[in-house]
Structures are given as C-alpha cells and as structure tokens.
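Chain letters run A, B, ... following the sequence lines, proteins first and then strands; every chain starts at 1. We use all heavy atoms of the structure for the numbers below, so side chains are in, but hydrogens, waters and symmetry mates are not.
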2 protein chains.
Amino acid sequence: MRHWIIDREVALLPSWLEALPQAKLIQRDVIVDLPRGEQAIYWCRLRHGETVSSIFPPIQLEAGQFVVVLADEPDETIVTESLASGASGCCNTYAAPDVLKQVALVVQNGGLWIGQSLLQRVIGSAAAILGRRPQDQEIENWSSQLSEREAQVARLVAVGASNKEVARQLSITERTVKAHLTAVFEKLGLRDRLQLSLRVNGLST
Amino acid sequence: MRHWIIDREVALLPSWLEALPQAKLIQRDVIVDLPRGEQAIYWCRLRHGETVSSIFPPIQLEAGQFVVVLADEPDETIVTESLASGASGCCNTYAAPDVLKQVALVVQNGGLWIGQSLLQRVIGSAAAILGRRPQDQEIENWSSQLSEREAQVARLVAVGASNKEVARQLSITERTVKAHLTAVFEKLGLRDRLQLSLRVNGLST
DNA sequence: TGCGGGATGGTACTTTGGTGCAATAGATTG
DNA sequence: CAATCTATTGCACCAAAGTACCATCCCGCA
C-alpha cells in the first residue's frame, strides 16, 4: 500500500512522517489526476477555507485506491462533502500518528473512517429514530473504562486486524497485544474479539 | 434462558414450538407483570390492530430479561414503538423457526433484532446522510452469493456466536459449521469470522 | 442417467486466539 | 520511599478456528 500526501504547499507534518514513513508528497493546488496502477491511499489536505469540491473534482479511482481528506478544521459539512466525492474518510490534519495508522488500516480494508465525534453528529438523527440512548454514553462508554493503549488495541481489533497486524501497527510484540486484549475482555466483560468488535461498533449492549 | 410467549389467545404456532420447544404460554390481554428471578425472553404477540402501548405498558425488566415483539403485521411504527417501550426486537409472528432461533440468540446477547428489511427502512435516512449506495446492494449483497444454509451460519457468526453455539442452534455438527464457514469465506473473499461480521453488519465493503 | 452442487461429517493437521504465571521497568501517588 | 498501575515481554499451555482430503447422500437438470 503506497501513500501519497497531496498538499497545496510543500510541508510534511512530523506526525505524518511518523505514521507513514514511506509516504510521498504531491504538491499541487487542484487534483487533476493521480498516479495509477497500484494500491494506494491519497491523503488530501484541506486547509482553512478550502472546500472539498474546490481541490477534489470527481476522479475515477481504481480498486484498492482510496482517498482520505485531512481537514485542518473538520466539520460535518466537510465530512459529508468528502464522502459524497468518493473519499473513504476524513480526519483531522493534526491527528496523532497512531490515529493516522488506524485510519490507514480501516481505509485499506475498505472501511470508512469518519472519526468518533464527527460520526456521532452525522448519525445522531438515526440514533434518535432508533430510540437508543445517545451515543455519548453508548459508544464512548467502552473506551472510558480502558487505558489509552488498551483502547488503541481494541479499536484495531474491532475493524478486523489480527494480533499480528495490531502488533506491527503499534510496534509491540504479539504477546503484548494479547495481554492488552485479555485486560480489555476482563474490563468489558467480553468473551472474544468478535464480541469486542460488536461492542466497539455499537452493535451490542 | 427461559422463554415465555404472551398471547391474547391460547394458540401456539408450530414454528414457535419448533424454535423454542421449552417455551411456556402466558395467556392474557394486557401485561401487568412478568415472572421474575431468572433470565428470560418474553415473546409478546401483537395481533392485527393492536398497538405496542395497548398491551405492553412500561415495565421494569431485570438484567438478563428481554422482550421481543411478534407482530402479525410488522411495520416501521411498530418497530419504533417496540424499541421505545424497551423491547429488544420486533419480528414477524410467522417467521421461520430458524429466524426465531437467531432472534433469541441475538437478543439474549444484549443485541437488538429488527429484521433486515425493517432496519433498512428505519436507518434509510442515515444511509442517505452518509452518502453511501443504498442498503439494497450494500447489505443484501453478501447473502445473495450464499446458499440459504451458509447465510444462516453467517448471520449467527456475525452476531458473535461460536462454532459450537451455531452447531447447537442449527442442530448440526461443529465440523459442518466449519465447512459452511470455509465456503462463506471463499465466496465472499474474507479471511475470518471477524471480517465476516463486519461485512454482514455493513461495516466494511 | 450421469454430473454438479449443496449439506453433512470423519480424521488429521496448522494457525490463531486466549490464559496463567512471572518478570522488568517507568510513572504516579499517598 | 513503598505501593500501585500500566506497558512490556517470555514461556508454556489449551482451546478455538480454520484448512486439506475425502466420503456419503440427496436433488435438480442437461
């Protein structure tokens, strides 16, 4: 999976380099075409005042190619615009390296990444229709009981990563991943990674 | 897990008996209280013209006790009413035994059961907001590629059931469950049961 | 009537997931 | 400072998941 960072100016943030060491920069204003022929994620930076449509015209992506919008000031409008344009996700430009790694993993597996807080607002209406308690307790709840590291592991497992993959992502041993998972299962009263996934994704109590 | 069927008349359907052989009947018009002290699912039948609120006043349920509405003529209103009243699900009175078994499994694990087609309508607006292709291709797609038996296994696995549990539910060997799963993974291009769960639950491509 | 696919399952095997016990190290806190 | 918590990892072990190969039975269809 190759990573391209597309920015109006030549300015790679340290967090990007840490998360995606092998990423290459494409410096341009408006995207007219993209490198082809291989699996890739195109990280498109959206600076203050820029709109998705202004820098990101409709482009045909090949299978295994995905676009993620890095917004300096993310909001609901940008999220919906991004998705409508065919992007696989939208997150904060200044997100931590670990978050960016998670985004990459989710996206390259065909998922959508919208970010917890943004997602809450976007699907708020659906939650209301379903008559469920608000997302604040529902979705956030699980992570509040965990340490930061445990939550990171839980998130990765929840989107389908194997222990080996989680270990590589977080630069730790597979044994450590297992240790964290055991702690997570214990704290949340779960049986295995599948139930964890359902819990994290809001599909069970 | 004990099963109580609550109906205005004394008329157990054959499909109920097949799905829940040990179920007991409670014959009454309006529910005023429920047997206490053990884990149970209360299946409340809603006949033509009856509304949820008319037979199902607000009742405090204990932990491990769940209510499922069996609607003769299910629609969106009944679904939302049921959930608002604290029920864990709503399905067709005349659903097949296998479906009822699945409902029981989902519900007793703390899940909500709403049924594919009803769920589609209820969360339709959210899908629109998210700018995704309609649920018809998105969610149904996976099952269309599978045989009926394979789809049953997939559904149970997707809500967190182990191979052993699936085997018991469908009255087959654990070995056969594995055989079906291998076929499912092959047909859908998946790696393991977690990815299957994400696929079935519409959380990945 | 033979062929293919689905459902079922037996034996055996490899891989992955998860636990128990124990150790080290840093950070925090009373 | 001692106690506690978190992160990290090793080693051993067991259980669950998944695969490979094969067999039987049934059913629809050319």
Quiz item: Any side-chain N or O of A:R193 less than 4.0 Å from the OP1 or OP2 oxygen of C:dG17?
Solution: yes
Practice problem: Please work out which of the three classes, parallel, tilted or perpendicular, describes the rings of B:Y42 and B:W4, given edges at 30° and 60°. | Solution: parallel
Quiz item: Should A:S162 be listed as having a side-chain N or O under 4.0 Å from OP1 or OP2 of C:dT16?
Solution: no
Self-check item: Spacing between A:L181 atom CG and D:dT9 atom P, to the nearest angstrom
Solution: 14 Å
Quiz item: When the distance from CD of A:E174 to P of D:dC11 is rounded to whole Å, what number comes out?
Solution: 14 Å
Self-check item: Most 5' of A:R175 and A:E148 on DNA chain D, judged by nearest nucleotide
Solution: A:E148
Quiz item: So does B:R149 get a side-chain nitrogen or oxygen closer than 4.0 Å to the phosphate oxygens (OP1/OP2) of C:dT8?
Solution: yes
Practice problem: Return the nearest nucleotide to the side chain of B:K178; candidates are D:dA7, C:dT19, D:dA17. | Solution: D:dA17
Practice problem: Measure from the side-chain heavy atoms of A:T182 and tell me the nearest of C:dA7, C:dG18, D:dT19. | Solution: C:dG18
Self-check item: Nucleotide of C:dG17, C:dG18, C:dG10 approaching B:T173 most closely (side-chain heavy atoms)
Solution: C:dG10
Quiz item: What nucleotide among C:dG6, D:dA7, C:dG18 has an atom nearest to a side-chain atom of A:S147?
Solution: D:dA7
Practice problem: For A:A179, answer base if it contacts any base atom (sugar-phosphate contacts may also be present), sugar-phosphate if it contacts only those atoms, and nothing otherwise; contact means non-hydrogen atoms under 4.0 Å. | Solution: base
Quiz item: To the nearest Å, how far apart are A:K164 NZ and C:dT15 P?
Solution: 10 Å
Quiz item: Does a nitrogen or oxygen in the side chain of B:N163 sit under 4.0 Å from OP1 or OP2 of D:dA16?
Solution: no
Exercise. First locate atom CD of A:E186, then atom CG of A:L190, and finally report the distance between them rounded to the nearest 0.5 Å.
Key: 10.5 Å
Quiz item: If only atom types and distance count, is the side chain of A:R2 paired as donor or acceptor with the main-chain N or O of A:K24 below 3.5 Å?
Solution: no
Exercise. Please state how far atom CG in A:L196 lies from atom P in C:dG18, giving the value in whole angstrom units.
Key: 9 Å
Exercise. Nearest whole angstrom, please: distance from the P of D:dC5 to the NE2 of A:H180.
Key: 17 Å
Quiz item: Is it the case that B:R149 and B:Q152 place a side-chain donor and acceptor less than 3.5 Å from each other?
Solution: yes
Self-check item: A:L190 CG - C:dT19 P separation (whole Å)
Solution: 11 Å
Practice problem: Please report, rounded to the nearest Å, how far the C1' atom of D:dA7 is from the CG atom of A:L146. | Solution: 14 Å
Quiz item: A:D192 has an atom CG; how far is it from atom C1' of D:dA16, in whole Å?
Solution: 9 Å
Exercise. Would you check if the side chain of A:S197 reaches a backbone N or O of A:R193 as a donor-acceptor pair within less than 3.5 Å?
Key: no
Exercise. Would you kindly compare A:K187 and A:I172 by the position of their nearest DNA chain D nucleotide and give the one closer to the 5′ end?
Key: A:K187
